[in-house]
Number of protein chains: 2
Amino acid sequence: MSEESRHRVDIHYCTGCRWLLRSAWMAQELLTTFEDEINELTLHPGSGGIFEVWVDDARIWSRKEMGGFPEITRLKQLVRDQVSPERSLGHSDRKPSGNVP
Amino acid sequence: MSEESRHRVDIHYCTGCRWLLRSAWMAQELLTTFEDEINELTLHPGSGGIFEVWVDDARIWSRKEMGGFPEITRLKQLVRDQVSPERSLGHSDRKPSGNVP
């Protein structure tokens, strides 16, 4: 895969809420699963209860809007939809037919 | 500390060498110790045995030049020298008087 087709991921987390470990774990999961698709992954310390995940210019998760944190399988599906939509993530990858979480 | 005075850290690691876990651990150490000084920390998957750490535009570690990996206490000293030179890192922070590692 060429450098140009690879992607940037950003994770913004609240330091006051102690979400670094959670964020770093998710970072490792994403960098492992999408080793060929992710060009760089940035951790952004923040405040005020922020927890957001971005792929390139798309915000794929906002704790405040979604009311919590994503399951890691769900987060990987959302990243996959941005970076490699045709790819299956294996046995845990059942796309909901509607808005079922 | 104002946004403008905060710093960016970059860690480049070789995926083929399986250095993600090591890099993510160092990332968490740096983000914990320098919570107020680091604005963003980026993990860059790479190849060819690369392991480099940058603070802003300064390369503070290169595995190929230094012949290995830094001890975490040494790495924190090198980051500290860039982001907060006056700060003591506590009991583990004994500055070598010469080039002693």
Side-chain angles (χ1 to χ4, degrees), chain A residues 1-57 59-61 69 72 75-76 79-80 82-84 87, chain B residues 1-57 59-61 69 72 75-76 79-80 82-84 87:
Chain A
M1 188 170 292
S2 71
E3 189 78 8
E4 292 69 28
S5 64
R6 293 175 73 193
H7 300 272
R8 171 191 173 97
V9 173
D10 293 278
I11 301 177
H12 298 259
Y13 67 95
C14 174
T15 58
C17 311
R18 312 269 182 225
W19 291 337
L20 168 58
L21 272 63
R22 180 192 299 257
S23 302
W25 166 61
M26 291 182 179
Q28 291 171 78
E29 289 276 357
L30 296 178
L31 284 166
T32 301
T33 298
F34 301 102
E35 184 175 289
D36 293 328
E37 289 89 355
I38 295 177
N39 193 40
E40 55 180 61
L41 185 150
T42 303
L43 294 163
H44 300 263
S47 60
I50 193 171
F51 181 83
E52 293 183 0
V53 183
W54 293 68
V55 177
D56 302 322
D57 295 324
R59 190 176 65 179
I60 62 166
W61 195 269
F69 293 90
I72 192 69
L75 183 62
K76 288 184 181 180
V79 172
R80 183 270 319 276
Q82 297 291 324
V83 306
S84 187
R87 175 174 165 194
Chain B
M1 190 171 290
S2 70
E3 189 78 8
E4 293 70 28
S5 65
R6 293 175 74 193
H7 300 271
R8 170 190 174 99
V9 173
D10 293 279
I11 301 177
H12 298 259
Y13 67 94
C14 173
T15 58
C17 311
R18 312 269 183 226
W19 291 339
L20 168 59
L21 272 63
R22 179 192 298 257
S23 302
W25 165 61
M26 290 182 178
Q28 291 170 79
E29 289 276 358
L30 295 178
L31 284 165
T32 301
T33 298
F34 301 102
E35 184 175 287
D36 294 329
E37 288 90 355
I38 295 177
N39 193 40
E40 55 181 61
L41 185 151
T42 302
L43 294 163
H44 301 263
S47 60
I50 193 172
F51 182 84
E52 293 183 0
V53 183
W54 293 67
V55 177
D56 302 323
D57 295 325
R59 188 175 67 178
I60 62 166
W61 195 268
F69 293 90
I72 192 68
L75 183 62
K76 288 183 181 180
V79 172
R80 183 270 319 275
Q82 297 292 323
V83 306
S84 188
R87 177 175 164 194

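Chain A is the first sequence line, chain B the second, and so forth, proteins listed ahead of strands; every chain is numbered from 1.
- Atom CG of B:Leu43 and atom CD of A:Gln28 lie 8.0 Å apart (nearest 0.5 Å).
- Of the inter-residue distances, the one linking B:Leu41 atom CG with A:Leu41 atom CG reads 9.5 Å to the nearest 0.5 angstrom.
- Minimum interatomic distance between A:Pro45 and B:Leu31 (heavy atoms only, all atoms of both residues): CG-CD2, 3.7 Å.
- When the heavy atoms of residues 10-22 of chain A are compared with those of chain B, the residues falling under 4.5 Å are A:Tyr13, A:Thr15, A:Leu20, A:Leu21, listed by number.
- Contact annotation for B:Thr32: both backbone and side-chain heavy atoms come within less than 4.5 Å of a heavy atom of chain A.
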